[in-house]
Amino acid sequence: MSYRTCTCGALRATHLDSRPILCGWVDSRRDHGGVIFVDLRDSEGVTQIVFRPEENHALAKLAHSLRSEDVIRISGRVARRLSGTENTRLATGEIEVVGSTLEILNRAEVLPFPLNSEISNEDLRLSHRYLDLRRPSMVRNLRLRHRLQQTTRAYMDEQGFLEVETPILGKSTPEGAREFLVPSRTYPGHFYALAQSPQQYKQLLMAGGIEKYFQIAKCFRDEDPRADRLMELTQVDIEASFFKSEDIFVLIEGLIGRIFQDTLGLRIPTQFPRLTYQEAMERFGSDKPDTRFEVELIGIGEIFRSTEFKVFRGALDNGGCVKAINAKGFAHITTGQIEELTQIARQYGAKGLAFIKVENGEWKSPIVKFFTAEEKKALTARLNIEEGDLILFGADKWAIVCEVLGRIRVRVAELLKLVTDATRLDFLWVVDFPLLAFSEEAGKWGAVHHPFTRPKTEDLPLLDAGKFDQVRAEAYDLVLNGVEIGGGSIRIHEQELQARIFETLGIGPEKQSLLFGHLLRAFQFGTPPHGGIALGVDRLMMLLCGTANIRDVIAFPKSSRGQDLLFFSPSEVEAHQLRELSIQLTRKS
RNA sequence: GGAGCCUUAGCUCAAUUGGUUAGAGCGCUGCCCUGUCACGGCAGAGGUUGCGGGUUCGAGCCCCGUAGGCUCCGCCA
């Protein structure tokens, strides 16, 4: 005989007088001294069980001993609830099961935290994750994640893509994120690296003629976690041959549309707007702009072309720029808030944050005394300055000004609660990223996306001319509400061009063949033009679930310091394990 | 590698300027209660104030260190 005949979400008035067997957890027990109600919960729902002492005294006595989260098995008869006692909040609320047998499968101790309220003590949740997963919001999130993954597989299959698994144990190629190293037992002193992305494998699949590949891939990066990023991540990884950027956009717009339809039942635009990286930085001060609110960055260098104000003068003379944002109606900003914004400005490289408060027809500002009447007039027109406005300035190198004002723009929007429609979804593509960026720290050029990214064909002459900062890449990011949820590029498929890029990145011929010989060799045997993208499943899930905490969308996440509080990993290992791996510890903590 | 905030009962939190026996709500335990649905009522138990040290007549509160949680910068091709 099976454990149960139906789930706790199944019974309706149409089942009256049937004799079901149910299993589940005691969600709550209401003991009236006489009659006892038990809300029985399983993964499918909740059903009220009623035990009546006048029908079975011993049974009621046993039911009296039930406690929250005990696991039980009951049999009984489906009855219509007494008139007026139906529970409209339950799908099964029209009926109840009058218990005739009760079997206690496993008793539960008092839980370390309640399941019916949101709690903040995250280490407790993580150390008892199996209990936390019983909470309705976690159940919902995991179900949404399942739906996202099923929908992705169905859609990609329909589009003719082949799901191919690639190795987790890969080769260390110390470009990009720090890798997790895995010692080899059979090759002492040699190491695998956990895949930080299936990037090279998927390109080799293209060389292998697969043409259309996708995978829901686990990736590992040994970098410090953040609220929206852990060391382990899941990507929808996609690569296709004979695809241009345009083909990727269409494919992904379709996929994202299906995902939002199937998970939240939402229809979203079939095409997403596009913004170049240059324009995104100029107007929003971010390569992942949140376009749900205005407050754009406005260049005002022209107005102050011949200013005497030292701060602006210095920035302009050093080839920098002056920009401002108008935080409409924020003249009432407090001293503390100004201080906070100034901290942000400093954090991102500005020396300070100049501002003007427009109150009672007056410009209240420590800097306005340096402005001429003409400059004030031009500024008023350019920024549409009105009573009650707060103007915030940035004057420095272009990149710093954009970044600083971009960050301040986002904070101002939070403070002013400019996003009024919580359901709004602003998708956009950011395109034409720079190919290369100079790293002051490393003293050399690095790839903005990754070293396999294709330069835009029309910018190849700039590459030849050594104007590396001007070369744009055939690369794109997908942004939703100011969050980067994916990124990709068209790749290099020619051995010669790839070698040249490696050279530019400071990877000489010897190192090239050592680290990337497999790829360069493949390119010599007819690798087709190809490109792809990777979508961050965890980030996308956060947006779908409306949470700011990435742990809410992962069944067994690590803590913010990378520890697993349930298993307590990482952990020490026994000496013989280390001996087998030819590893000797230099430091014991 | 750096910075900030937090840690008091099982949980969420309070505790005036450093001053009596560290409180509340929920939960828990027992009793009462026959139509509730976060049932209700009465009573009770429950504390190494994360840990270690220091200052002080006196420390939950101040100082130093340490562990853990969260967040941010760097980092994340």
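Within every chain, numbering begins at 1; the chains are lettered A, B, ... in the order of the sequence lines, protein sequences first and strands thereafter. What you see is a predicted model; the values in this text were computed from it and never measured.
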Enumerate the protein-to-nucleotides 65-68 of chain B contacts in which both atoms are nitrogen or oxygen and the separation is below 3.5 Å.
| unit_1 | atom_1 | unit_2 | atom_2 | d |
| --- | --- | --- | --- | --- |
| B:rG68 | OP2 | A:Arg561 | NH2 | 2.7 |

- Query: When you measure from the side chain of A:Arg30, which nucleotide among B:rC73, B:rC39, B:rC76 comes out closest?
  - Reply: B:rC39

- Task: From the options B:rC37, B:rC70, B:rA38, select the nucleotide whose nearest atom is closest to the side chain of A:Leu126.
- Result: B:rC70

- salt bridge (Lys or Arg N to Asp or Glu O under 4.0 Å) with A:Asp39: of A:Arg29, A:Arg89, A:Arg30, only one passes, and it is A:Arg30

- Message: Short of 4.0 Å, heavy atom to strand atom, which residues of residues 492-512 of chain A count as contacting RNA chain B?
- Response: none

- Query: Expressed as a whole number of Å, how far does the P atom of B:rA43 sit from that of B:rG4?
  - Reply: 49 Å

- Message: Checking A:Lys351 now: which residues fulfil salt bridge (charged side-chain N to carboxylate O under 4.0 Å, His left out) with it, not counting sequence neighbours?
- Response: A:Asp396

- Mind calculating the distance between CD (A:Glu440) and C1' (B:rG74) to the nearest angstrom? 15 Å

- Item | Which nucleotide in B:rC76, B:rG69, B:rU36 has an atom nearest any side-chain atom of A:Glu96 | B:rU36

Side-chain donor-acceptor pairs under 3.5 Å in residues 495-504 of chain A, sequence neighbours left out?
| unit_1 | atom_1 | unit_2 | atom_2 | d |
| --- | --- | --- | --- | --- |
| A:Gln498 | NE2 | A:Pro451 | O | 2.9 |
| A:Arg500 | NH2 | A:Asp464 | OD1 | 2.4 |
| A:Thr504 | OG1 | A:Arg500 | O | 2.9 |

- Message: Would you say the rings of A:Phe37 and A:His32 are close, in the sense that their centroids are separated by under 6.0 Å?
- Response: yes

- Item | Separation of the C1' atoms in B:rG46 and B:rC28, to the nearest angstrom | 9 Å

For nucleotides 1-8 of chain B, which of its nitrogen or oxygen atoms have a protein nitrogen or oxygen under 3.5 Å away, and what is each distance?
| unit_1 | atom_1 | unit_2 | atom_2 | d |
| --- | --- | --- | --- | --- |
| B:rG1 | O6 | A:Asp224 | OD2 | 3.1 |

- What string of B, S and - do you get for nucleotides 22-31 of chain B 5' to 3' if you count protein non-hydrogen atoms under 4.0 Å? ------SSS-

